[in-house]
**Q** 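Just dropping this structure here.
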Amino acid sequence: MKILLTGTAGFIGYHLSKKLLEQGHEVIGLDNINDYYDVNLKYARLENLGINKKNIKDDDLIQSLTYKNHKFIKTNLENAKILNTLFEKQKFDAVCNLAAQAGVRYSIENPHAYIQSNIVGFINILEACRHNNVKNLSYASSSSVYGLNKSQPFNTNDKTDTPISLYAATKKTNELMAHTYSHLYGLQTTGLRFFTVYGSYGRPDMAPMLFANAILNDREIKVFNNGDMSRDFTYIDDIIDGIIKVINKPSNFNIYNIGNNAPVKLMDFIEILENELDKKAKKNFMPMQDGDVKSTYADVSGLITDFNYKPNTKLVDGIGKFVKWYKEFYKELR
């Protein structure tokens, strides 16, 4: 297939691009390379995909130096004119929209960035698909949409009308917008609610990267809610496997949880990370942060039934791989 993949300089987008290219698909990558976190990490991901930083120009499609089936464009989803031109010229078979302003806590500080990227950007994607007859759209939602939901594990039939961050509200809005376009225009849309993804080239604002950096540099780690938290940590390879299954089998309108289906206590996670780093963490126990939730737990039965999805990476193995990459990538921290 010829696939538009947005957010290709991001953590999940990078790994998905690499896998799709290796499978022989033609991938057009799109990213605005914003400075929400260290852009050097984003450029490093792109470099692995054959995209040289020196060749990147705004709104200009460039060829990968490594993969003949890969091109990249630096632009914003909010730029409807550029996006529509891209769709008209490239004739995509499928679109996977991972681009978004990420981060729960940052949405409290900078709400307008989320409206522009996550709402305006997403309607531009939907409209471009509609007017260019692209029926196959998959997109990133988030476990954050469950908000104050008390039942566990989180099930896609649960109500999601109590978000506690603007980030979560924008992701819920994406799901409603997708449903509307599926209903009105026959666009096949599949939303994936991601649960705490980790692995190599991960986001620096997520716990594995934050904690590894602090521990290796003898700084305190912030342990929120006094450590009484749990997360459904999901290794990147399992996530990529699930996304590709969805891209290959579009549905009229569906939403799925994509996670490990096995939540881990935060203190157990920290202990595994300490063991792999062979160094104890200095812990600063703190209260719960605004916009955060105590626990996440994915019911992935829908993906299992419809796509034979099988997350099989144990946390100790995934963290081991992550630490190995981290030490090699950040050699100065050795």
**Q** So for atom NZ, which belongs to Lys222, do other residues, nucleotides or ligands contribute more than 12 heavy atoms lying within a distance under 6.0 Å?
**A** no

**Q** How long is the span from the CG atom in Leu41 to the CD1 atom in Ile33, to the nearest 0.5 Å?
**A** 12.0 Å

**Q** Less than 4.5 Å apart, side chain to side chain, heavy atoms only: is that true for Ile123 and Leu126?
**A** yes

**Q** Verify whether one side chain among His112 and Gln116 offers a donor that lies under 3.5 Å from an acceptor in the other.
**A** no

**Q** We want to know whether Asp299 and Asn257 form a side-chain donor-acceptor pair, criterion being a heavy-atom distance below 3.5 angstrom.
**A** no

**Q** Would you mind reporting whether Val27 and Asn69 have side-chain heavy atoms less than 4.5 Å apart?
**A** no

**Q** Is the cationic atom of Lys135 (NZ for Lys, CZ for Arg) positioned less than 6.0 Å from the six-membered ring centroid of Tyr185 and within 45 degrees of its normal?
**A** no

**Q** Could you tell me whether Glu175 and Arg193 have a side-chain N and a carboxylate O separated by less than 4.0 Å?
**A** yes

**Q** Quick one: do the Asn252 and Ser182 side chains pair a donor with an acceptor below 3.5 Å?
**A** no

**Q** Does Val246 reach the side chain of Phe307, with side-chain heavy atoms less than 4.5 Å apart?
**A** yes

**Q** Would you say the side chain of Tyr326 lies within less than 4.5 Å of the side chain of Leu216, judging by non-hydrogen atoms?
**A** yes

**Q** What's the spacing between Ile240 CD1 and Ser17 OG if we round to 0.5 Å?
**A** 8.5 Å

**Q** Got a second to check how far Ile319's CD1 is from Phe211's CZ, nearest 0.5 Å?
**A** 10.5 Å

**Q** Say you draw a straight line from SG of Cys129 to CG of Leu187; how long is it, rounded to the nearest 0.5 Å?
**A** 5.5 Å

**Q** What residue among Lys71, Glu26, Lys2 forms side-chain hydrogen bond (donor to acceptor under 3.5 Å, both in side chains) with Gln90?
**A** Lys2

**Q** Any luck finding a side-chain donor-acceptor pair between Asp38 and Asn40 under 3.5 Å?
**A** yes

**Q** According to a hydrophobic-cluster definition based on side-chain heavy atoms being under 4.5 Å apart (Ile, Leu, Val, Met, Phe, Trp, Tyr only), do Met267 and Met288 belong together?
**A** yes

**Q** Out of curiosity, Lys265 NZ to Met229 CE, how far, rounded to the nearest 0.5 Å?
**A** 14.0 Å

**Q** Tell me whether the centres of the aromatic rings in Tyr297 and Phe154 are closer together than 6.0 Å.
**A** no

**Q** Give, for atom NZ of Lys159 and atom CG of Asn149, the distance between the pair rounded to the nearest 0.5 Å.
**A** 10.5 Å

**Q** Report yes if some heavy atom in the side chain of Thr234 is under 4.5 Å from a heavy atom in the side chain of Thr196; otherwise report no.
**A** no

**Q** Go through the side-chain N and O atoms of Ser143 and Thr296 and say whether any donor and acceptor fall under 3.5 Å apart.
**A** no

**Q** Could Arg203 and Phe11 be counted as a cation-pi pair, given that NZ or CZ must be under 6.0 Å from the ring centre and within 45° of the axis?
**A** no

**Q** Answer yes if the ring centres of Tyr198 and Phe322 are under 6.0 angstrom apart, and no otherwise.
**A** no

**Q** If you apply the rule ring-ring contact (aromatic ring centres under 6.0 Å, His included), what do you find for Tyr201 with Phe329, and how did you get there?
**A** CA-CA 9 Å; Tyr201 290 93; Phe329 188 77; 5.4 Å; yes

**Q** Regarding Asp232 and Asn260, is there a side-chain donor-to-acceptor distance under 3.5 Å anywhere?
**A** no

**Q** Are Tyr330 and Met209 side-chain neighbours, meaning at least one heavy-atom pair lies under 4.5 Å?
**A** yes

**Q** Looking at the rings of Tyr256 and Tyr309, which for Trp means the six-membered one, are their centres under 6.0 Å apart?
**A** no

**Q** With a 3.5 Å cut-off and no angle check, do the side chains of Tyr106 and Gln101 form a donor-acceptor pair?
**A** no

**Q** Check Phe269 against Ala207 and note the closest heavy-atom contact, atom names and distance.
**A** CE2-CB, 4.2 Å

**Q** Between Leu210 and Pro204, is any pair of side-chain heavy atoms under 4.5 Å apart?
**A** no

**Q** Between Lys18 and Glu22, is there a salt bridge with N-O shorter than 4.0 Å?
**A** yes

**Q** If you measure from the Lys or Arg side-chain nitrogens to the Asp or Glu carboxylate oxygens, is any gap between Asp218 and Lys279 under 4.0 Å?
**A** yes

**Q** So, applying side chain to side chain contact (heavy atoms under 4.5 Å, CB included) with Phe253, which one of His179, Gln188, His183 is it?
**A** His179

**Q** Going by atom types only, do Asn133 and Lys91 share a side-chain donor-acceptor pair under 3.5 Å?
**A** no

**Q** Is the Lys NZ or Arg CZ of Lys53 less than 6.0 Å from the centre of Tyr43's six-membered ring, within 45° of the axis?
**A** yes

**Q** Is there a side-chain contact between Leu16 and Cys96, using heavy atoms and a 4.5 Å cut-off?
**A** yes

**Q** Quick test of your reading of the model: are Glu274 and Lys280 salt-bridged, counting only N-O distances below 4.0 Å?
**A** yes

**Q** Of Leu30, Thr75, Thr6, which meets side chain to side chain contact (heavy atoms under 4.5 Å, CB included) against Leu83?
**A** Leu30

**Q** Hydrogens and angles aside, do Tyr36 and Asp205 bring a side-chain donor and acceptor to less than 3.5 Å of each other?
**A** yes

